[in-house]
There are 4 protein chains.
Amino acid sequence: MADITIAKDQLRSIVERIEKLEEEKRTIADDIKDVYGEAKANGFDTKVLRQVVRIRRQDKAEVAEQDAIRDLYLNALGMLSGR
Amino acid sequence: MADITIAKDQLRSIVERIEKLEEEKRTIADDIKDVYGEAKANGFDTKVLRQVVRIRRQDKAEVAEQDAIRDLYLNALGMLSGR
Amino acid sequence: MADITIAKDQLRSIVERIEKLEEEKRTIADDIKDVYGEAKANGFDTKVLRQVVRIRRQDKAEVAEQDAIRDLYLNALGMLSGR
Amino acid sequence: MADITIAKDQLRSIVERIEKLEEEKRTIADDIKDVYGEAKANGFDTKVLRQVVRIRRQDKAEVAEQDAIRDLYLNALGMLSGR
DNA sequence: TCGCCTGATAGTTGCC
DNA sequence: GGCAACTATCAGGCGA
């Protein structure tokens, strides 16, 4: 019975932590939505805005991916161990 | 020209705020993942854990209604007796 | 040089076969979407429909086991009586 | 009762069509896996191969996205109606 | 071979 | 009410 109680408390703790974090995440998502709304109120085209944000994100990701590809190639050539 | 400059600053501000918020959101998502990982390490079934979190999140009335419809469908398919 | 040429042709063949298969896969995914759309037009609740399909897909024993674990968790959280 | 029978048949038809399509999709996914396996057996680095396939896919998507952005900009400038 | 982790896919939500 | 963006879940591939 004791171990069940412990598991019970643990479970409750886990679930509550997750729910708290999800709540925070939702809040931030709402904040993002608000910023887009504010931008729209200031005459910006949110569709374009989203494209801009996405492109900036992709650019960063692309750099990271190119690095990964370069490592793959170097590794395939047996040249990566020295890095 | 002045208004273009203003718009430019505004745009920059908007994009930066969005990116900052998205970064925070990502961090929290990682935290959630960590909690699940910790739960798993403590012997919990994370798949079921996710189901539980989802059940708690859902509106109770809605769940009941969906259950009713689902039973209707399953029954029509002759699959309800076995459950 | 010859083997490089061969590898090149092989590589091209491989990539093209994969892309062709991925294209087919995408087509079928679209077909599935169409069926759901048609079902919706005929008054079916697609959300529940997806649940039904999922239920049929899952291994029955596995479902039973997950149900048992989930009940255990919900019970530990004091949430089972209300269901 | 009659309409229930009709709905029942419709439901069964819908579910069976979806399940058939999902089965086909799974088969194709397996085929793709086979191609990668064959490539591996022929000495290709599947990790690099996947990168190649992904990059080709992204390149196409990127072209499509750039077209979309161009349209957005042209539209913002009131220049799209003539297209 | 097992567990982790990323990437693909399915599902949901919010906007137009 | 349909479409597009975003989120969550799942499965496959990789490394230990």
Side-chain angles (χ1 to χ4, degrees), chain A residues 18 21-22 25-26 28-34 36-37 39-40 45-54 57-58 61 64-65 68 71-72 75, chain B residues 18 21-22 25-26 28-30 32-41 43 45-55 57-59 62 66, chain C residues 18 21-22 25-38 40-41 43 45-54 57-59 62 66, chain D residues 18 21-22 25-26 28-37 39-40 44-51 53-55 57-58 61 64-65 68 72:
Chain A
I18 290 170
L21 288 167
E22 289 193 342
K25 193 148 73 83
R26 225 170 297 124
I28 292 176
D30 287 344
D31 289 346
I32 292 173
K33 217 181 296 175
D34 287 347
Y36 277 113
K40 187 175 193 170
D45 181 329
T46 56
K47 201 168 171 183
V48 174
L49 213 44
R50 283 175 194 280
Q51 292 264 14
V52 170
V53 171
R54 181 150 86 251
R57 190 167 43 214
Q58 280 182 352
E65 175 156 61
D71 285 354
L72 278 173
N75 185 48
Chain B
I18 291 170
L21 288 167
E22 289 192 341
K25 192 148 71 82
R26 224 169 298 124
I28 293 177
D30 287 344
I32 292 173
K33 214 184 298 177
D34 288 346
V35 176
Y36 277 112
E38 184 191 318
K40 185 176 196 170
D45 181 326
T46 58
K47 198 169 174 180
V48 177
L49 211 45
R50 286 174 192 278
Q51 289 178 16
V52 169
V53 171
R54 177 146 38 115
I55 287 169
R57 195 185 327 159
Q58 284 181 337
D59 178 65
E62 194 184 341
Q66 283 189 6
Chain C
I18 290 170
L21 288 167
E22 289 193 342
K25 192 148 71 87
R26 225 169 297 125
T27 302
I28 292 176
D30 287 344
D31 289 347
I32 292 173
K33 216 181 297 176
D34 288 346
V35 177
Y36 277 112
E38 186 191 318
K40 185 177 196 168
D45 182 327
T46 56
K47 197 169 173 180
V48 177
L49 210 45
R50 286 176 191 278
Q51 288 178 17
V52 169
V53 171
R54 181 146 33 121
R57 194 188 320 150
Q58 284 182 336
D59 178 65
E62 193 183 344
Q66 284 189 4
Chain D
I18 290 169
L21 288 167
E22 289 193 342
K25 192 147 73 81
R26 226 169 296 125
I28 292 177
D30 287 345
D31 289 346
I32 292 173
K33 216 183 299 177
D34 288 346
V35 176
Y36 277 112
K40 187 174 195 170
F44 289 98
D45 181 330
T46 56
K47 200 169 173 182
V48 174
L49 212 45
R50 285 174 193 279
Q51 293 264 16
V53 172
R54 181 151 87 251
I55 287 166
R57 189 166 43 212
Q58 282 180 352
E65 176 156 62
L72 278 174

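Within every chain, numbering begins at 1; the chains are lettered A, B, ... in the order of the sequence lines, protein sequences first and strands thereafter.
- At F:dT7, one or more side-chain N or O atoms of B:Lys25 fall inside 4.0 Å of OP1 or OP2 (strictly under the cut-off).
- When all heavy atoms of D:Ala68 and A:Gln51 are compared, the closest pair comes out as CB-NE2, 4.2 Å.
- A:Lys40 comes within 4.0 angstrom of the backbone, heavy atoms only, and of no base.
- Of the candidates F:dA8, E:dG7, E:dA10, E:dG7 carries the atom nearest the D:Arg54 side chain, counting heavy atoms from C-beta on.
- Checking the phosphate oxygens (OP1, OP2) of F:dA8, no side-chain nitrogen or oxygen of B:Arg50 falls inside 4.0 Å.
- To the nearest 0.5 Å, atom CD of residue D:Glu65 and atom CD of residue A:Gln58 are 5.0 Å apart.
- Rounded to a whole Å, the CD1 atom of A:Ile32 is 7 Å from the P atom of F:dT7.
- Between B:Arg50 and B:Val53, the closest side-chain pair of non-hydrogen atoms is not below 4.5 Å.
- F:dG2 atom P lies 14 Å from atom CD of C:Glu38, rounded to whole Å.
- The separation between D:Gln51 atom CD and E:dA8 atom P is 10 Å, rounded to whole Å.
- Across the interface with DNA chain E, nearest-nucleotide mapping of C:Tyr36 and D:Arg57 shows D:Arg57 to be the residue nearer the 5′ end.
- Pairing each heavy atom of C:Leu21 with each of D:Ile28, the nearest pair is O-CG2, 3.4 Å.
- Following rounding to the nearest Å, B:Ile28 (CD1) and F:dC6 (C1') show an atom-to-atom distance of 16 Å.
- When all heavy atoms of B:Thr46 and B:Tyr36 are compared, the closest pair comes out as CG2-O, 3.5 Å.
- Across the protein-nucleic acid pair, A:Asp71 atom CG and F:dG15 atom P stand 13 Å apart, rounded to whole Å.
- Atoms CG (C:Asp31) and C1' (E:dT9) sit 16 Å apart, rounded to a whole Å.
- Here A:Lys47 lies out of heavy-atom contact (under 4.0 Å) with every strand.
- Atom NZ of D:Lys33 is separated from atom P of E:dT9 by 12 Å (rounded to the nearest Å).
- To the nearest angstrom, P of E:dT6 lies 14 Å from CZ of B:Arg26.
- Out of F:dC6, E:dT9, F:dC14, the shortest distance to the side chain of D:Thr46 is found at F:dC14.
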